[in-house]
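Down below is the structure, laid out as structure tokens.
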There are 2 protein chains.
Amino acid sequence: MTTAPAARRPGRPARYRLDELLHVVVEQFNARGYDATSMEDLARATGLTKSSIYHHVSGKEELLRLAVARAVDALFAVLDEPASVQGPAVARLEHVVRRSVAVLAAQLPYVTLLLRVRGNTGAERWALERRREFDARLADIVRAAIDEGDVRADLDPRLVTRLLFGAVNSIAEWFRPDGAHGVQEVADALVATTFRGLRRD
Amino acid sequence: MTTAPAARRPGRPARYRLDELLHVVVEQFNARGYDATSMEDLARATGLTKSSIYHHVSGKEELLRLAVARAVDALFAVLDEPASVQGPAVARLEHVVRRSVAVLAAQLPYVTLLLRVRGNTGAERWALERRREFDARLADIVRAAIDEGDVRADLDPRLVTRLLFGAVNSIAEWFRPDGAHGVQEVADALVATTFRGLRRD
DNA sequence: GTCTATAAATTGATAGAC
DNA sequence: GTCTATCAATTTATAGAC
């Protein structure tokens with residue numbers, strides 16, 4: 001007797017795949033904040049009961065972990081793109097900035113959530129650790145750009161990195177896919193207002 | 001029989017003034033997040049009981065309200081300084097940026113909390129409203145600087161404002177009074193990396 | 001001004017039927 | 001895969017003594 005190919009019983013079709021569930025959940029986390037969102041809130045938003053949610057995940061924290069992992073993966077993928085590892089450091093930096101803005105826009109709810117984690121749970125502390133790692137990789141590029149003589153040497157690389165990606169990350173606070181500014185326009189404006197200061201005259 | 005001048009009974013001296021209490025509370029709110037901080041957490045951190053805290057304030061939300069109001073007041077005071085209302089707009093903008101960084105550093109825990117409010121409570125919605133008002137005032141200055149020909153006209157004033165103050169606000173995420181960078185150094189670096197992009201050549 | 005004791009509601013999570 | 005029913009712990013807040 002072999003295992004039947006997951007025959008679906010007619011009465012109750014599966015309402016959610018995990019990624020669809022996650023989509024609704026992350027919206028709630030962003031609207032109310034992770035801690036202020038109860039499983040009851042999530043049940044209401046998904047149209048499921050609390051119990052049904054526990055069928056998909058082990059608990060609230062796993063929902064957070066899955067969501068921030070998605071954002072982390074997307075951002076780290078940028079660092080591995082050819083244009084992030086080849087060529088002059090100042091060009092690599094601009095590429096990473098532009099692509100980070102693009103990823104932020106494309107994965108807006110997930111990146112927004114990632115940028116708000118506080119460190120209360122294990123999942124949050126893991127996310128903070130990865131963010132620090134990302135920042136360190138960026139600072140390396142800034143440092144290289146200084147060494148190559150394309151970025152002013154009178155500024156601390158760590159400080160420049162923080163301010164530059166502070167501006168990048170702040171985009172998550174107000175960017176909307178259907179808003180007044182397109183991704184390209186935002187990235188252009190950011191590069192224009194920062195790189196002209198970064199580049200040596 | 002007149003009212004006695006608040007004779008303090010020897011047994012239990014007042015442990016806290018409201019602002020001292022608030023100092024401890026805001027530290028907790030920032031460390032755990034407002035929603036994740038329970039009155040029990042606050043009791044432990046202050047060394048008081050939950051009941052005693054309710055003697056000072058009406059509840060958790062009033063603590064939040066008092067804290068964010070302090071940050072809002074300090075930031076709006078910057079807009080009323082003489083150098084924020086007199087002279088060329090581009091100079092006023094630089095002054096507001098530098099002074100905002102200074103206020104952020106001086107009132108770090110309170111501004112940090114303000115920048116994290118989500119809008120769940122009345123106090124939070126009030127804070128978000130004031131932040132929008134602050135942003136609008138800034139955008140006015142940027143617009144004036146464009147009109148006066150000192151800032152590039154090819155960028156949207158609202159967008160420039162958001163990116164510029166996104167960088168300013170991000171400072172709250174990592175700045176520490178005893179850290180590697182002084183307030184002056186941070187403000188200088190920020191102005192250097194942004195205004196050289198903003199100023200017309 | 002601070003305490004002990006406790007109320008009323010909500011929370012994250014589980015058991016077990018269908 | 002979703003449900004009803006329920007639990008134990010925690011949460012915000014109050015009552016009343018000293």
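Residue numbers begin at 1 in each chain, while the letters A, B, ... track the order of the sequences. Worth saying up front: this structure is predicted, and the values here are computed from it rather than measured.
- What separates OH of B:Tyr16 from C1' of C:dC3 is a distance of 16 Å, to the nearest Å.
- As judged by a 4.0 angstrom heavy-atom cut-off over every strand, B:Thr37 is placed among residues touching the sugar-phosphate backbone only.
- Distance, B:Asp41 CG to D:dA9 C1': 14 Å, rounded to whole Å.
- Applying the 4.0 Å criterion to OP1 and OP2 of C:dC3, one finds that B:Arg15 has a side-chain N or O inside that range.
- The distance from atom OH of A:Tyr54 to atom P of C:dG12 is 7 Å, rounded to the nearest whole Å.
- The side chain of A:His55 places no N or O atom within less than 4.0 Å of a non-bridging phosphate oxygen (OP1 or OP2) of C:dT14.
- Remark: the A:Glu173 side chain and the A:Ser170 side chain contain no N/O donor-acceptor pair separated by less than 3.5 Å.
- Counting to the nearest Å, the P atom of C:dT2 and the CG atom of B:Leu48 are 5 Å from each other.
- Side-chain to base pairing of B:Ser51 with D:dT14: one donor and one acceptor N or O lie within less than 3.5 Å of each other.
- Straight-line distance from the CE atom of A:Met39 to the P atom of D:dC7: 20 Å, rounded to whole Å.
- Under the salt bridge (charged side-chain N to carboxylate O under 4.0 Å, His left out) criterion, B:Glu94 pairs with B:Arg98, B:Arg199, sequence neighbours left out.
- Looking at B:Ser84, its side chain never comes within 3.5 Å of a backbone N or O of B:Asp80 through a donor-acceptor pair.
- Nearest-nucleotide positions on DNA chain D place A:Ser52 closer to the 5' end than the other of B:Glu61 and A:Ser52.
- Taking each heavy atom of A:Leu75 and A:Leu114 in turn, the nearest pair found is CD1-CD2, 3.8 Å.
- B:Thr49 comes within 4.0 angstrom of a nucleotide base, judged by non-hydrogen atoms across all strands.
- In terms of position along DNA chain C, the nucleotide closest to A:Ala36 lies nearer the 5' end than the nucleotide closest to the other residue of the pair A:Ser58 and A:Ala36.
- Distance, B:Arg44 CZ to C:dT2 P: 18 Å, rounded to whole Å.
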